[in-house]
Protein chains: 2
Amino acid sequence: MRIGEIAALVGLTTRAIRHYHHVGLLPEPERRPNGYRAYSIRDAVLLARVRRLTELGLSLDEVRDVLAEDAGREPAEVLEELDADLARQEADIRERRCRLSALLSEPPDATGPVSPALAALLAQAPRTDSPSAAKDRDHLTLMDATNSGSQEIFTLLGTLVADPAVVELYERLDALAEAPVDDPRIAPLAADLMAAVPEELFAAIPEDGVVVTGFKEALLAEYAPAQAEVVGRLMDAFMERGRG
Amino acid sequence: MRIGEIAALVGLTTRAIRHYHHVGLLPEPERRPNGYRAYSIRDAVLLARVRRLTELGLSLDEVRDVLAEDAGREPAEVLEELDADLARQEADIRERRCRLSALLSEPPDATGPVSPALAALLAQAPRTDSPSAAKDRDHLTLMDATNSGSQEIFTLLGTLVADPAVVELYERLDALAEAPVDDPRIAPLAADLMAAVPEELFAAIPEDGVVVTGFKEALLAEYAPAQAEVVGRLMDAFMERGRG
DNA sequence: GCTTGACCTTGACGCGACGGCAGGGTTTCT
DNA sequence: AGAAACCCTGCCGTCGCGTCAAGGTCAAGC
């Protein structure tokens with residue numbers, strides 16, 4: 001048989017068979033005088049087994065191991081390992097499909113799914129179009145997505161945002177958008193913000209959660225200079241209280 | 001943030017993030033004076049979404065489509081397509097695991113699993129260590145593995161192998177191993193073999209099944225010259241009766 | 001004899017999502 | 001001042017083939 005014939009017989013492509021020769025999975029057969037490969041029935045039997053094994057999901061290396069069974073009992077080992085692997089993949093896919101269906105059934109809010117704790121927090125927060133509040137929501141969503149803060153923080157923040165006075169604080173922060181860094185409103189706003197934070201929140205701040213080195217400066221870069229001054233003081237205070 | 005920091009924050013490797021820049025999934029951020037990439041919070045939010053999507057199994061191209069949602073409703077389409085894809089994969093894996101478990105529970109006969117019809121046939125065949133019979137078993141197993149013959153053939157062959165006289169035929173074929181091609185035993189053996197084949201078998205031979213071009217010569221190459229003569233005559237007769 | 005078309009040959013590149021390494025520079029800590 | 005831990009660019013490797021590219025071979029039809 002020529003390569004195309006044996007390929008059709010066992011249901012492989014000629015390219016696959018040549019590949020098997022190339023990687024040493026199947027020895028090169030004799031050649032006809034014209035250089036064509038001449039396959040025997042034994043080759044077909046071998047290739048049929050290779051096909052069955054690869055269709056089961058074995059890699060070519062594993063197929064080689066199974067076929068070159070010197071030990072006689074190796075195959076079972078390989079196959080059991082493969083089954084475990086497939087089981088993992090199956091569970092993996094099931095979980096992904098699960099999360100996918102959750103995504104599909106949800107309203108398209110474009111921010112993606114959030115944890116229940118954060119969802120509750122956002123629903124609870126008063127409606128405001130303050131840019132600072134929007135930034136805060138973004139940052140909280142990021143914390144949620146990266147799991148860098150514990151769920152506990154969101155529930156604790158719930159008691160904060162329930163206070164209608166928080167909107168006023170955001171507005172005072174917004175007002176500093178164009179202000180110079182030595183604006184006199186900075187210090188009192190920082191103090192009022194600190195005062196608004198419930199005591200338990202300090203304890204809940206993880207030592208090395210969001211506070212990855214460099215995160216702080218990136219966060220401050222989001223704000224205008226005077227605003228950054230306020231936020232920076234807040235974060236400094238947080239980190240000091242957290243360590244203390 | 002530097003690249004290592006944002007990578008730790010969103011749970012990716014620096015290499016992956018640079019790869020995303022490379023393929024245009026995420027624009028290159030500003031650089032610091034020393035050439036380091038300077039990431040913002042917005043980048044982190046973006047990367048977090050990328051991570052979630054790739055973890056769901058989307059390709060980077062698909063992620064790009066979903067993120068660059070100009071149409072607003074594209075994502076659902078992509079996600080549904082993905083779900084269908086995952087469903088296919090899941091079914092695929094389940095089938096493989098099914099066949100794998102069948103393989104594992106079977107006794108290790110080293111020839112792999114065979115169809116029930118062939119298994120019955122082999123169990124039914126008389127015990128003999130005739131080399132010709134061994135070849136025949138190999139060829140039948142190959143036909144089974146490649147689905148090139150119908151199951152029907154095996155059941156029809158059952159009536160043939162049940163006849164104890166068949167063993168004698170195999171032995172007569174074995175005896176020709178060293179014989180010259182003009183051995184006088186050739187013609188009568190071929191005739192007796194033809195006579196032993198039940199009539200229904202001729203009708204069951206598929207027109208273009210095993211009889212791929214070149215298969216015949218490969219099969220004949222398995223035998224000694226005188227034996228090949230016998231087998232060749234048999235096959236010629238088969239093909240003529242099949243066509244007639 | 002000549003063409004056509006279906007085969008065959010070797011060899012090299014492409015894919016997808018990065019990992020790893022080479023060969024350098026920068027920052028920071030000690 | 002040296003070492004550790006970062007950062008940079010760029011290129012090769014993975015896996016199982018598919019897909020050209022640039023030919024050589026063979027049977028059939030004119």
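Side-chain atoms are counted along with the backbone in the values below, which use heavy atoms only and exclude waters and symmetry mates.
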### Query
Of the candidate nucleotides C/dC18, D/dC8, D/dG16, which contains the atom at the shortest distance from the side chain of B/Tyr20?
C/dC18
### Query
Atom CG of A/Asp61 and atom C1' of D/dC15: how far apart are they, to the nearest Å?
10 Å
### Message
Are the side chains of B/Val45 and A/Thr141 in contact, using a 4.5 Å heavy-atom criterion?
### Response
no
### Query
How is A/Ser59 classified with respect to the nucleic acid when contacts are heavy atoms under 4.0 Å: base, sugar-phosphate, or nothing?
sugar-phosphate
### Task
For A/Arg18 and C/dA12, give me the distance from atom CZ to atom P, rounded to whole Å.
15 Å
### Query
Do B/Tyr20 and B/Leu47 touch side chain to side chain, with heavy atoms closer than 4.5 Å?
yes
### Query
Do the side-chain N and O atoms of B/Asp43 and B/Ser40 include a donor-acceptor pair separated by under 3.5 angstrom?
yes
### Query
Could you state the CD-P distance from A/Glu5 to D/dA27, rounded to the nearest angstrom?
12 Å
### Query
Are any of A/Arg31's side-chain N or O atoms less than 4.0 Å away from OP1 or OP2 of C/dT10?
yes
#### Entry: Validation row: B/Glu222, B/Gln227 side chains within 4.5 angstrom (heavy atoms)
no
### Query
How long is the line joining CD1 of A/Ile3 and C1' of C/dT9, in whole Å?
10 Å
### Query
Does the side chain of B/Asn34 get closer than 4.0 angstrom to OP1 or OP2 of C/dG25 through an N or O atom?
no
### Message
If you compare every side-chain N and O of A/Arg37 against the phosphate oxygens of C/dC8 (OP1, OP2), does one of them come in below 4.0 Å?
### Response
no
### 5' precedence on DNA chain C between A/Arg2 and B/Ile17 (nearest-nucleotide basis)
A/Arg2
#### Entry: D/dT19 base / A/Arg15 side chain donor-acceptor hit below 3.5 Å
yes
#### Entry: Nearest-angstrom distance from the residue atom CD of B/Glu55 to C1' of C/dC18
15 Å
### Task
Would you kindly give the NE2-to-P distance between B/His21 and D/dC7, to the nearest whole Å?
12 Å
### Task
Send over the distance from A/His19 NE2 to C/dG11 C1', rounded to a whole Å.
15 Å
### Task
Starting at atom CG of A/Leu53, determine the distance to atom C1' of D/dC15, rounded to an integer number of angstrom.
17 Å
### Task
Under 4.0 Å between any heavy atoms, over every strand shown, what does B/Thr13 touch: base, sugar-phosphate, or nothing? Just pick one.
sugar-phosphate
### Task
May I ask you to decide whether A/Arg88 forms a salt bridge with A/Asp85, counting only side-chain N to carboxylate O separations under 4.0 Å?
yes
### Task
Using heavy atoms to find the nearest nucleotide of DNA chain D for B/Gly35 and A/Ala16 separately, return the residue whose nucleotide is more 5′.
B/Gly35
